[in-house]
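Worksheet: the structure to be examined is printed underneath.
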Amino acid sequence: MITDSTLTYISMGALFGLTAGLSPGPLLTLVISSTLQHNKAEGIKIAFAPLITDIPVILVTFFIFSRFSQFTSVLGLVSFLGGLYVAWLGYQTLKIKGLAIETQIAKPESLKKGILTNLLNPNPYLFWLTVGIPIAFKAYEISPITAILYFLS
């Protein structure tokens, strides 16, 4: 039976996923530009890249977090530095004066581009290391099913 606590973690997972999908960043920019250059199907391929790339990212950040979970000062420092980095990214975004998109006829390779973009993007690593994995540990304390539902949502 699904408890209120489990529903809370399912809701958090869904909200985090929706927010990540709609947040401006390299992957969303690639989705938009590929859709405009080629077609809707190519944009959708890129949008699905996190379903492939987040598994290794989650595993790496889970390993790191599990090794340092007893060191709250280290986790606090990582969270603080992650927050500073995100603030810096926001500041850089405010400084953008314009965006020029050049179109070329080329083989799309959309999924490959999406996977590479997401693997090289620091945002998933920062999210999973500072927010996602700590919440997953708390969800796991309720039950393993709650943690799985959190990841799936």
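On a predicted model such as this, the values are computed, not experimentally measured, just so you know.
Contacts of Ser23 classified as side-chain contact (heavy atoms from CB on, under 4.5 Å), with partners at least two apart in sequence or in another chain: Thr19. For Phe48, there are no ring pair (Phe, Tyr, Trp, His ring centres under 6.0 Å) partners two or more places apart in sequence or in a different chain. For Thr8, the side-chain hydrogen bond (donor to acceptor under 3.5 Å, both in side chains) criterion is met by no residue, not counting sequence neighbours. The ring pair (Phe, Tyr, Trp, His ring centres under 6.0 Å) search around Phe127 returns Phe16, not counting sequence neighbours. Shown here are the side-chain hydrogen bond (donor to acceptor under 3.5 Å, both in side chains) partners of Ser34, two or more places apart in sequence or in another chain: Ser110.
The residue from Leu7, Thr3, Ile2 that alone fulfils the side chain to side chain contact (heavy atoms under 4.5 Å, CB included) condition with Ser5 is Thr3.
Residues Tyr125 and Leu119 have side chains in contact (heavy-atom distance under 4.5 Å, counting atoms from C-beta outward). Phe62 is not listed as a side-chain neighbour of Trp128, based on a closest heavy-atom distance of 4.5 Å or more.
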CA sep, side-chain torsions, deciding dist, call: Ile52, Asn118, side-chain contact (heavy atoms from CB on, under 4.5 Å): CA-CA 9 Å; Ile52 298 167; Asn118 209 43; over 6 Å; no
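Within the 3.5 Å criterion, the main-chain N or O of Ser11 finds no donor-acceptor partner in the side chain of Tyr150.
By the 4.5 Å side-chain criterion applied to Ile, Leu, Val, Met, Phe, Trp and Tyr, Leu22 is assigned to a cluster that also includes Leu18. Its side chain within the 4.5 Å cluster rule, Val31 clusters with Leu27, Leu30, Ile46 among the Ile, Leu, Val, Met, Phe, Trp and Tyr residues.
Identified under the salt bridge (charged side-chain N to carboxylate O under 4.0 Å, His left out) test for residues 43-57, with sequence neighbours left out: Glu42-Lys45. Counting only residues at least two apart or in different chains, side chain to side chain donor-acceptor pair (under 3.5 Å) contacts with residues 135-146 comprise Thr6-Thr146, Ser143-Thr146.
Follow the hydrophobic side-chain contacts under 4.5 Å out from Val131 and you never reach Ile10; the two are in separate clusters. Under the 4.5 Å side-chain heavy-atom criterion for grouping Ile, Leu, Val, Met, Phe, Trp and Tyr, Leu126 is not connected to Leu59 through any hydrophobic cluster. A chain of hydrophobic side-chain contacts below 4.5 Å, direct or via other Ile, Leu, Val, Met, Phe, Trp or Tyr residues, connects Tyr9 to Ile58.
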